[in-house]
There are 2 protein chains.
Amino acid sequence: MNLNKNSKRRKELVAIAARLFCDQGYESTTVRMLADAMGIKSGSLFHHFSDKQEILYAVIESGMLHAMEIARQTLASARTSKEKLHALARAHLSTLLEDRDAHVVAIYEWRSLTQESRDLLVELRDAYETSWREVISECHEAGLIKGDQGLQRRLALGALNWTVQWYHPDGELTPDDLAQELVAMVLREPSAV
Amino acid sequence: MNLNKNSKRRKELVAIAARLFCDQGYESTTVRMLADAMGIKSGSLFHHFSDKQEILYAVIESGMLHAMEIARQTLASARTSKEKLHALARAHLSTLLEDRDAHVVAIYEWRSLTQESRDLLVELRDAYETSWREVISECHEAGLIKGDQGLQRRLALGALNWTVQWYHPDGELTPDDLAQELVAMVLREPSAV
DNA sequence: GACGATAACTAGCGCTTGCTTGGTTTTATG
DNA sequence: CATAAAACCAAGCAAGCGCTAGTTATCGTC
């Protein structure tokens, strides 16, 4: 089996798997379907991945790493704590759209990961959410908002994650509108949309 | 096959199926597992349901019907539009907790329904969301809030539905705390928690 | 106590699943 | 241009899948 996790070929395969897992679900996607979509035979799949679950892990991990990178970049150019909150919301929506397949899979197929894989990914997610924790904490220190920070963070992230259920970027609402409205809700400011 | 959809026995079986589907996912739950948990043999399952997918449909339908009933009751005793919004949020959280299995299944296993089943359940869900549409519209007419009503409804329902991911009622936060905070966010009032 | 209806059982069919094996072709590198 | 590594293929195994067919127990009703 090829162990090079950063090979270009592997990334292609992971993206293809993400699409199938997103469209039909992990359990309903067979290794034969995956292989067909990848243009190889099902046996060849196991040259790239040790088993089917590892493909799922790779899909979710790639989505999370990408999300963290985008958040880091977007956050870099934000000054005030309100700007930072907006930056996080905007970055979150960006990855949810750009990398939709992987994130839908992360949300829906968590259960199919082995415990070991789950533990690894929980670490990644916690690292990501730390940015949110810090920024919301800043908003509190700046006096922009009061109350339970953990609750506010979870309600906000919930509202954002749920957008994969209904949001299509070809409508009237832009991702920026969504981010604006969410920040307004969290900071209890009048709606700007 | 037994066609009586309201039999007590069938409701028991549906509740058991809900638990297994919630814990392991629809595709990963075999008819043999279901039958074991029900205390019958796998063949006997098909005396009660025509196929596996019908069990999934029954689980989700029961959760939705229950949610609508709770919402109807809770709404009846609310007077002001703010009270109504709180009532809806509280009712939503109640069913999410009381009937957690069914709602988790509804969220995660939607994809495994046949198109026909999905269409039927979409009608139910739309009927339910109409309550939300009406109440949020009332809040706007009362001048409590401005902006895009559909966006606000979706962000609110998203935040609520996402609670199944993290909320455990044995912590410090009560469901009422959650409802209060959500209403405060939607109506842009200071946090009360 | 015979009857129909309900609910359960036994046995297994036909097919699909994830994965393995053993060997061949392609690609990259010194 | 020789060689190793990477990529692929054809074939198939063992296990498990949803579901069916035919049969037997249980129960209220006349």
Side-chain angles (χ1 to χ4, degrees), chain A residues 1-60 105 108-118, chain B residues 1-21 23-60 105 109 111-117:
Chain A
M1 197 192 80
N2 181 10
L3 294 175
N4 181 7
K5 294 211 168 188
N6 293 321
S7 80
K8 192 180 166 193
R9 181 73 175 132
R10 189 178 157 113
K11 280 181 183 164
E12 289 172 12
L13 300 183
V14 168
I16 291 169
R19 205 187 64 235
L20 294 196
F21 288 164
C22 174
D23 288 348
Q24 343 193 28
Y26 173 75
E27 294 288 351
S28 300
T29 305
T30 69
V31 292
R32 287 166 179 80
M33 292 175 184
L34 289 168
D36 276 356
M38 293 167 178
I40 58 179
K41 297 296 171 184
S42 70
S44 312
L45 241 182
F46 295 90
H47 172 72
H48 300 277
F49 305 92
S50 67
D51 55 27
K52 190 188 173 193
Q53 190 265 172
E54 192 184 290
I55 310 178
L56 176 60
Y57 176 85
V59 166
I60 299 179
V105 171
Y108 283 102
E109 311 297 349
W110 193 259
R111 180 171 29 210
S112 294
L113 294 163
T114 62
Q115 188 60 51
E116 193 184 6
S117 297
R118 260 202 291 269
Chain B
M1 197 192 78
N2 182 10
L3 295 175
N4 179 5
K5 295 212 168 188
N6 293 321
S7 80
K8 193 181 165 191
R9 181 72 175 135
R10 188 177 158 114
K11 281 180 183 164
E12 289 172 13
L13 299 184
V14 167
I16 291 170
R19 205 187 63 236
L20 295 195
F21 287 164
D23 288 349
Q24 345 193 27
Y26 172 75
E27 294 288 353
S28 301
T29 305
T30 69
V31 292
R32 287 165 178 82
M33 290 176 184
L34 288 168
D36 277 357
M38 293 167 177
I40 59 179
K41 298 294 172 183
S42 69
S44 312
L45 241 181
F46 297 91
H47 172 70
H48 301 277
F49 305 92
S50 66
D51 55 27
K52 190 188 174 192
Q53 189 265 171
E54 191 185 291
I55 311 178
L56 177 60
Y57 177 84
V59 166
I60 299 179
V105 171
E109 311 296 348
R111 179 170 32 208
S112 294
L113 293 164
T114 62
Q115 188 59 51
E116 193 184 7
S117 296

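Model, not experiment: these values are computed from the prediction. In what follows, every chain begins at residue 1, and chains take the letters A, B, ... in the order their sequences are listed.
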Subject >> Euclidean distance, atom CZ of residue B/F46 to atom P of C/dT10 [Å, nearest integer] >> reply: 16 Å

Original post:
Rounded to whole angstrom units, what separation is found between the CE atom of A/M33 and the C1' atom of C/dG18?
Top reply: 13 Å

Original post:
Taking the side chain as C-beta and beyond, is there a heavy-atom pair between A/F46 and A/V31 under 4.5 Å?
Top reply: yes

State whether [X] places a side-chain N or O below 4.0 Å from either non-bridging phosphate oxygen (OP1 or OP2) of [N].
X: B/S44; N: C/dC9; result: yes
X: A/H48; N: D/dA6; result: no
X: B/H47; N: C/dA8; result: no
X: A/R9; N: D/dC8; result: yes
X: B/K52; N: D/dG18; result: yes

**OP:** For A/K41, answer base if it contacts any base atom (sugar-phosphate contacts may also be present), sugar-phosphate if it contacts only those atoms, and nothing otherwise; contact means non-hydrogen atoms under 4.0 Å.
**Re:** sugar-phosphate

**OP:** Remember a base hit wins even if backbone is also touched, and classify A/T29 as base, sugar-phosphate or nothing at under 4.0 Å, heavy atoms.
**Re:** sugar-phosphate

Original post:
Is B/R111 salt-bridged to A/E109, cutoff N-O under 4.0 Å?
Top reply: yes

**OP:** Look at atom CD of A/E116 and say whether more than 12 heavy atoms of other residues, nucleotides or ligands are closer to it than 6.0 Å.
**Re:** no

Original post:
So, the side chain of A/R10 versus the backbone of A/F49: is there a donor-acceptor pair under 3.5 Å, distance only?
Top reply: no

Subject >> A/R32 side chain, from C-beta outward: closest of C/dT17, D/dC17, C/dC9 >> reply: C/dT17

